[in-house]
Structure formats: structure tokens, C-alpha cells
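To keep things clear, I will list the structure first and then write my remarks on it.
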2 protein chains.
Amino acid sequence: MAATTEVQWLTDDEQATWRAFNLASRLVDGALDHQLMRDADMGHTQYAVLVALSEAVDHRARMGDLADLLQYSPSRLSHAVRKMETNGWIERRKCPSDGRGQIAVLTSVGRQTIEQTAPGHVDEVRRVVLSPLTATQQAQLRNICETLLGGNQTT
Amino acid sequence: MAATTEVQWLTDDEQATWRAFNLASRLVDGALDHQLMRDADMGHTQYAVLVALSEAVDHRARMGDLADLLQYSPSRLSHAVRKMETNGWIERRKCPSDGRGQIAVLTSVGRQTIEQTAPGHVDEVRRVVLSPLTATQQAQLRNICETLLGGNQTT
DNA sequence: ATTATTATGTTGAATGTTCAAACAATTAAC
DNA sequence: GTTAATTGTTTGAACATTCAACATAATAAT
């Protein structure tokens, strides 16, 4: 700390907690993104879209629903899907019940892609996040993060 | 889950933990970034640089040391500092002991900026991360995140 | 001493994200 | 039944981050 600083700050414990969380978030996110880019030439944004569609009924979902589910901005999703469309992983179709709507449909190529990519990604999730923690710590982490989400979610 | 999926996946508990951590990371990061952008017209990258320099001896540090401390890539830091230089927050000087080195120095304008910005940012950190958690949870979170960092740090 | 190698930083191009604006279709008002 | 307001989605510009290539200085090799 500089001698001239009168800035209101956090206690040492609070600061250490915040700093650790912040760095750990970035470390984990970076590691996962790196793995996906290296092994499958896609970012975690596109991966999440593939997972969501592969879990969706009939392998399809409306853009808005998808954006809500993934907590992405509409434009972020739109740009991502456009890229994935050129890769042949997704097709866009008009929504029959609502003329404004667009439906993103996973193609068979897209399904193959996610099925080939998921195992390596899961391994990396285990390696970086789950394996270093005991079962107790995993439960604590889940509880803590759900608290953070619950207190701030608009829903 | 789709019926045709044979993808290796996580147990329900593991998946819930991972998903909660992932979403909480994004939520927190987004909230803090938003607050900084709204109140001080800077992103968390620039804020972190200002904090690091304001805490540094003589309000200055070598680019490489700064990058290591913040875990930023050299180019990320270089771009950020260039922007902040045009804002008048930072000056670059040659390093006397090593001709390759560059030293980033916080200007008085930069110091004023961080001193005006920090209180609001600290409030937001408390609101989003610390206040929702009990003291026990804070200690757990710190412990967990330091475990994740420790297991993966190259140092 | 000269040359090769390594270390420090910067730059420019490519990519991804956000923001504001636009567009089209639906719903509400009157 | 027109007109107005709202909703769903896309688009393009601005900005940040990464990656690869570059420049320059320090160190090592001979």
C-alpha cells in the first residue's frame, strides 16, 4: 500500500478471498478455453451452444430461449450461431408459431462434433476444477456459488 | 439429455458444481465490469493496473513484473497501458538498469482516478461477492480458490 | 570481438464481445 | 382496421484480447 492512499479498502481476509476467487475464475476459464481451442478449434461460447442444443428436445431451440438459458446477450448468441452455421454445425429455421422467431437446429455434423469434443473437455474440467478438490470442498463450492447466483438472479 | 447421446459426462453433483461455478464466475465478472464501465468508464483490466501501480513502491513498476503480478499476457498489458497513457493516467519511462525494460509510472491524475473509483468498486465487490456469504463461506471460498490456484500455478 | 541466443516489449491482424441502431412481426389502443 | 408500442432477432461499428511477427537490448559462445 502506498503511504498517501486514503482509499477505503477491504480487510486482509476479504481482499484475499476476493483476489483468490478472481484469479481462480480467470485461471479456470482460460484453461478450459485453451483446451477447446486447441483440441476442437472452438471457444467455450460455441461449445456451450452445442451442449445446450444436444440436450434440447429434438436438438433445437429458439434463439431467445437459448440466450436465456446460457445467459448470453442476444447479439452474442446471434454472432456465435452465424459462425457455427458456416461450420455446418447448426441450421437456422423460421419459427412456425411466431414469425419473428428463429430456431437453431443442431445438424448431424454438429452432433458428431460435440460427441467428439465432450470427453476431452470433461477431462479438462475434472483436471482443473474437480480433482483438486475434496468431495466436501466440491459441495461447499456448489453451495457458495448457488448462493451467489440466487441472491443476484432476476428470476 | 438426448436419447442418442453416448457422451461421457459428469455425475449430477459434479455437473451442478461445475455449472454453478461457471455461471457465478461470469455473473460476478460481468457485474464488476459493468459497474466500472458505468461509473468510471474503464474495464476491469485497466482498473487492476491502476490498483497494482497505486500499491507499488514509488507508484511504478516494470511492464514484465506488472504482467506477472496480474497474470496478463505482455501484449494485453502493453495495449492497456497505451490506452491509459492517452488518458493521462500513466507515463512510460525507460528502465535505467535494463535498456529493454519499460517502467509504467502512475501520474497524479491516475492516482486521483483510482482514489475516486475504488470506493464504488469496493462497494460492488461487497454487494456481489462478500455480503451474500457468511464468514464461514468466505473462508471456504478462499481456501477452495487457493487450492485451485496452487495446484495449477507454474511457480 | 563477433556472432548467436535469449529476454523484454511493442505492433498489427484476426477474432470475439458489446453496444446502439435497425428491421420485421406481433400485440395493444383507439 | 389503422396506428402505435412492444418483442425477437440481426447487423455493423467500436473495443478488447490473443497470436504471430518484429525490433531492440542483454547475455553467452567461440
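Residue numbers begin at 1 in each chain, while the letters A, B, ... track the order of the sequences. All of these numbers come straight from a predicted model, not from anything done at the bench.
- The distance from atom CZ of B:Arg38 to atom P of C:dT18 is 16 Å, rounded to the nearest whole Å.
- Spacing between atom CG of A:Leu69 and atom P of D:dG8 amounts to 16 Å, rounded to whole angstrom units.
- Rounded to whole Å, the distance from CG on B:Leu70 to P on D:dT17 is 12 Å.
- A salt bridge links B:Glu91 with B:Arg93: the distance from a Lys NZ or Arg NE/NH1/NH2 to an Asp or Glu carboxylate oxygen falls below 4.0 Å.
- Distance B:Tyr47 OH to D:dA16 P: 18 Å, rounded to the nearest Å.
- Summarising the geometry of B:Ala104 relative to B:Leu53, their closest heavy-atom pair is O-CD2, 3.6 Å, with the distance given to 0.1 Å.
- Between A:Leu66 atom CG and D:dG8 atom C1' the separation is 14 Å, expressed in whole Å.
- At whole-Å resolution of the value, CG in A:Asp33 and P in D:dT18 are 9 Å apart.
- With rounding to whole Å, B:His44 atom NE2 is found 14 Å from C:dT18 atom C1'.
- Remark: side-chain polar atoms of A:Glu14 are paired, donor with acceptor, to backbone N or O of A:Thr11 under 3.5 angstrom.
- Closest non-hydrogen pair, B:Ala20 versus A:Leu149, comes out as O-CD1, 3.9 Å.
- Note on ring orientation: taking the six-membered ring where Trp is involved, the planes of B:Phe21 and A:Phe21 are perpendicular (angle over 60°, cut-offs 30° and 60°).
- With sequence neighbours left out, the side-chain hydrogen bond (donor to acceptor under 3.5 Å, both in side chains) criterion links B:Gln138 to no other residue.
- A:Arg26 has its CZ atom 16 Å from the P atom of D:dA16, to the nearest Å.
- Between A:Val81 and B:Lys94, the residue whose closest nucleotide on DNA chain D is further toward the 5' end is A:Val81.
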Exercise. What string of B, S and - do you get for nucleotides 7-16 of chain C 5' to 3' if you count protein non-hydrogen atoms under 4.0 Å?
Worked result: BSSBBB---S
